[in-house]
There are 2 protein chains.
Amino acid sequence: MPEALPAAPADLPQWLARVGMRATPPRLAIWQALHDAKDEPDAVELMVLAQQVEPRTSLGTVYRFLRELEQHGLASSRPVAHQRSRWRLGASTESSARNEAALAAVARLAAAFGYRLVPAA
Amino acid sequence: MPEALPAAPADLPQWLARVGMRATPPRLAIWQALHDAKDEPDAVELMVLAQQVEPRTSLGTVYRFLRELEQHGLASSRPVAHQRSRWRLGASTESSARNEAALAAVARLAAAFGYRLVPAA
DNA sequence: CTTACTGCAAATCATTTGCACATTT
DNA sequence: AAATGTGCAAATGATTTGCAGTAAG
């Protein structure tokens with residue numbers, strides 16, 4: 001069972017600390033942008049939004065942070081053909097994404113036992 | 001409403017002709033591979049399968065043909081994060097057999113640790 | 001101080017496209 | 001012959017990663 005989701009941007013720092021991550025300006029800015037977004041922004045849109053708060057935010061950091069959030073079940077991506085993936089907070093409502101999150105959890109679990117998952121065939 | 005879907009590989013040539021496309025060996029091979037596939041192959045898998053019938057089939061042609069099929073509503077792709085898109089004939093259906101199998105496996109794994117799966121939200 | 005984070009640029013990976021040649025009608 | 005299709009390789013676009021410098025705890 002994953003950790004509880006921060007209810008507001010203000011809770012992020014403690015949440016990050018709990019999972020061994022540091023609270024930095026770019027991360028707070030990215031989180032806020034994602035938190036405030038009404039739709040599902042893509043990485044570039046998030047970078048632009050975050051830069052309005054923390055101008056030094058770079059695209060690489062956006063992608064890195066989003067991936068980390070996803071691995072902790074805090075955010076999820078929706079891949080779109082021929083376009084950048086779109087991101088949202090929390091788990092995806094879609095079954096395939098739910099499966100991916102579940103698989104990721106199993107992968108993490110397996111890792112705790114010294115194993116990793118590889119494609120069957 | 002798009003044109004009717006060919007029931008079998010043999011119907012492809014006339015279908016292609018109807019929409020102004022030519023029936024060629026690579027296309028027939030790709031179609032057959034997609035038609036025979038039980039799961040949702042990606043472009044590379046389709047290329048390998050098609051090459052067993054028509055060795056000259058190239059990846060570029062696979063992608064081109066798949067895109068054309070999709071534009072005519074004959075096939076559809078399911079984009080997957082960090083992986084090649086998966087293709088199938090006809091319109092997309094949400095839950096695939098593979099997803100269900102994955103969930104079942106997760107359920108079994110969870111059960112082994114004394115848990116059971118419940119809907120997220 | 002030690003370890004984690006960042007920007008930047010180069011590297012990857014899937015997919016597309018330009019082009020000269022081959023094939024279908 | 002005219003119009004399409006094809007292979008190949010180079011181009012693109014999204015995402016990742018290596019690295020040397022910065023900052024958080």
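Only heavy atoms go into these numbers, but all of them, side chains included; no hydrogens, no water, no symmetry mates. Keep in mind the model is a prediction, meaning the values are calculated, not measured. Chain letters run A, B, ... following the sequence lines, proteins first and then strands; every chain starts at 1.
Between A:His82 and C:dT16 there is a side-chain N or O to OP1 or OP2 distance below 4.0 Å. Not one side-chain nitrogen or oxygen of B:Arg22 sits closer than 4.0 Å to the OP1 or OP2 atom of D:dT4.
The nucleotide whose nearest atom lies closest to any side-chain atom of B:Tyr63 is, among D:dG7, C:dT16, D:dT15, C:dT16. The side chain of A:Arg84 approaches D:dT15 more closely than any other nucleotide in the set D:dG18, D:dT15, C:dT15. The side chain of A:Arg64 approaches C:dT6 more closely than any other nucleotide in the set D:dG7, C:dT24, C:dT6. Taking every side-chain heavy atom of B:Thr24 into account, C:dT24 is the closest of C:dT16, C:dT24, C:dA14.
With a 4.5 Å cut-off on side-chain heavy atoms, A:Asp42 and A:Gln83 do not count as touching. Side-chain contact between B:Leu74 and B:Trp15: present, with at least one pair of heavy atoms (C-beta onward) separated by less than 4.5 Å. For the pair A:Glu70 and A:Ser77, the minimum side-chain heavy-atom distance is below 4.5 Å. Side-chain contact between B:Thr61 and B:Ile30 is present, with heavy atoms from C-beta onward closer than 4.5 Å.
A salt bridge links A:Glu45 with A:Arg86: the distance from a Lys NZ or Arg NE/NH1/NH2 to an Asp or Glu carboxylate oxygen falls below 4.0 Å.
Atom CG in A:Leu28 sits roughly 14 Å away from atom C1' in C:dT6 (whole-Å rounding). Whole-Å rounding puts the A:Leu66 CG to D:dT15 P distance at 10 Å. Atom CE in B:Met47 sits about 8 Å away from atom P in D:dC8, given to the nearest Å. Atoms CZ (B:Arg78) and P (C:dT15) sit 13 Å apart, rounded to a whole Å. The separation between B:Glu45 atom CD and C:dT15 atom P is 11 Å, rounded to whole Å. Separating the CG atom of A:Leu12 from the P atom of D:dA24 is a distance of 15 Å, rounded to the nearest angstrom. Following rounding to the nearest Å, B:Arg27 (CZ) and C:dT25 (C1') show an atom-to-atom distance of 13 Å. Between the C1' atom of D:dA24 and the CE atom of A:Met21 lies a distance of 13 Å, rounded to the nearest Å.
Two residues, B:Ala23 and B:Arg67, neighbour DNA chain C, and the one matched to the more 5' nucleotide by heavy-atom proximity is B:Arg67.
Side chain of A:Arg78 to backbone of A:Ser85: no donor-acceptor contact under 3.5 angstrom is found.
Within residues 51-60 of chain B, the residues approaching DNA chain D are B:Arg56, B:Thr57, B:Ser58, by heavy-atom distance under 4.0 Å.
A continuous path of Ile, Leu, Val, Met, Phe, Trp and Tyr side chains, each step under 4.5 Å between heavy atoms, connects B:Trp31 with B:Val44, placing both in one hydrophobic cluster.
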